[in-house]
Amino acid sequence: MQPAFQHIYEIVKQIPQGRTASYGQIALLAGNPRWARVTGYAMRACGDNAVPCHRVVHKDGRLSPSFGVGGAAEQRARLLAEGVAFLPDGRVDMARCAWRGM
C-alpha cells in the first residue's frame with residue numbers, strides 16, 4: 001500500500017459517524033491541498049470496511065458515482081443509515097453534516 005494512501009486512511013478513520021468530509025479537506029489534513037484527486041483514488045482503492053470511505057464526498061455535498069459496488073446509491077444508503085442529512089437535490093447538507101477536522 002502506498003504511504004500516501006495509508007496517511008489518508010488514518011485521517012478518514014477519524015471522521016465520526018453522521019459526519020462527512022470533502023476530498024479537498026482530507027487532502028489538506030494530509031498535508032497536501034493538491035491531493036483531492038489522490039484522496040479519491042485512495043477511497044476507491046481502500047476496499048476495507050475499517051475505513052469509512054462513504055463519509056468522503058465532493059465539497060458541494062455531491063456523492064461519488066464511482067463509489068465502490070453500488071455507486072452513489074450505496075454511498076447514500078450508508079450515509080442515511082448514519083443519520084446524515086440530505087438536501088432536496090440529493091446532495092449532503094454540508095452545513096449540518098460537515099466534519100470540522102482534527
Side-chain angles (χ1 to χ4, degrees):
M1 180 183 311
Q2 295 182 21
F5 281 19
Q6 186 59 44
H7 186 53
I8 289 168
Y9 295 153
E10 293 305 316
I11 294 166
V12 172
K13 287 178 185 178
Q14 296 178 47
I15 303 170
Q17 186 173 347
R19 297 288 179 194
T20 59
S22 71
Y23 294 100
Q25 178 184 358
I26 300 301
L28 186 63
L29 291 170
N32 190 332
R34 294 177 176 242
W35 275 5
R37 192 169 299 243
V38 173
T39 300
Y41 295 146
M43 295 301 93
R44 177 77 173 152
C46 79
D48 180 357
N49 289 331
V51 179
C53 57
H54 62 284
R55 296 178 186 155
V56 182
V57 299
H58 293 275
K59 66 182 176 184
D60 64 357
R62 285 180 297 125
L63 303 179
S64 174
S66 62
F67 177 79
V69 176
E74 175 64 20
Q75 186 176 17
R76 181 182 173 90
R78 289 185 185 190
L79 292 171
L80 282 170
E82 293 186 357
V84 170
F86 283 82
L87 298 170
D89 65 4
R91 294 178 297 134
V92 170
D93 185 346
M94 295 299 278
R96 290 179 51 197
C97 299
W99 177 52
R100 299 299 174 213
M102 299 183 293

Carefully, step by step, assess Arg19 and Glu82 under the rule salt bridge (Lys or Arg N to Asp or Glu O under 4.0 Å). CA-CA 8 Å; Arg19 297 288 179 194; Glu82 293 186 357; over 6 Å; no
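- Side chains of Tyr41 and Phe5 form a contact here, defined as non-hydrogen atoms less than 4.5 Å apart.
- Side-chain contact between Gln17 and Arg55: present, with at least one pair of heavy atoms (C-beta onward) separated by less than 4.5 Å.
- Put simply, the side chain of Phe67 does not reach to within 4.5 Å of the side chain of Arg76, judged on heavy atoms.
- Judged by the 6.0 Å distance and 45° axis criteria, Arg91 is not positioned over the aromatic ring of Phe86.
- Annotation: side chain of Lys13 is in contact with side chain of Pro52 (closest heavy-atom distance under 4.5 Å).
- A 4.5 Å side-chain heavy-atom check between Val57 and Leu79 finds at least one atom pair inside the cut-off.
- Here the OG1 atom belonging to Thr39 is positioned 14.0 Å from the CZ atom belonging to Arg34, to the nearest 0.5 angstrom.
- In this structure, a donor-acceptor pair under 3.5 Å is present between the side chains of Glu10 and Gln6.
- Across all their heavy atoms, Trp35 and Ala4 have their closest contact at CH2-CB, 3.8 Å.
- In this structure, Ser64 and Met43 have side chains that are not in contact, with every pair of non-hydrogen atoms separated by 4.5 Å or more.
- Val12 and Leu28 are members of different hydrophobic clusters when ILVMFWY side chains are connected at heavy-atom separations under 4.5 Å.
- Looking only at side-chain heavy atoms (C-beta outward), Ile15 and Ile26 come within less than 4.5 Å of each other.
- Between the OG1 atom in Thr20 and the NE2 atom in His58 there is a gap of 12.0 Å [rounded to 0.5 Å].
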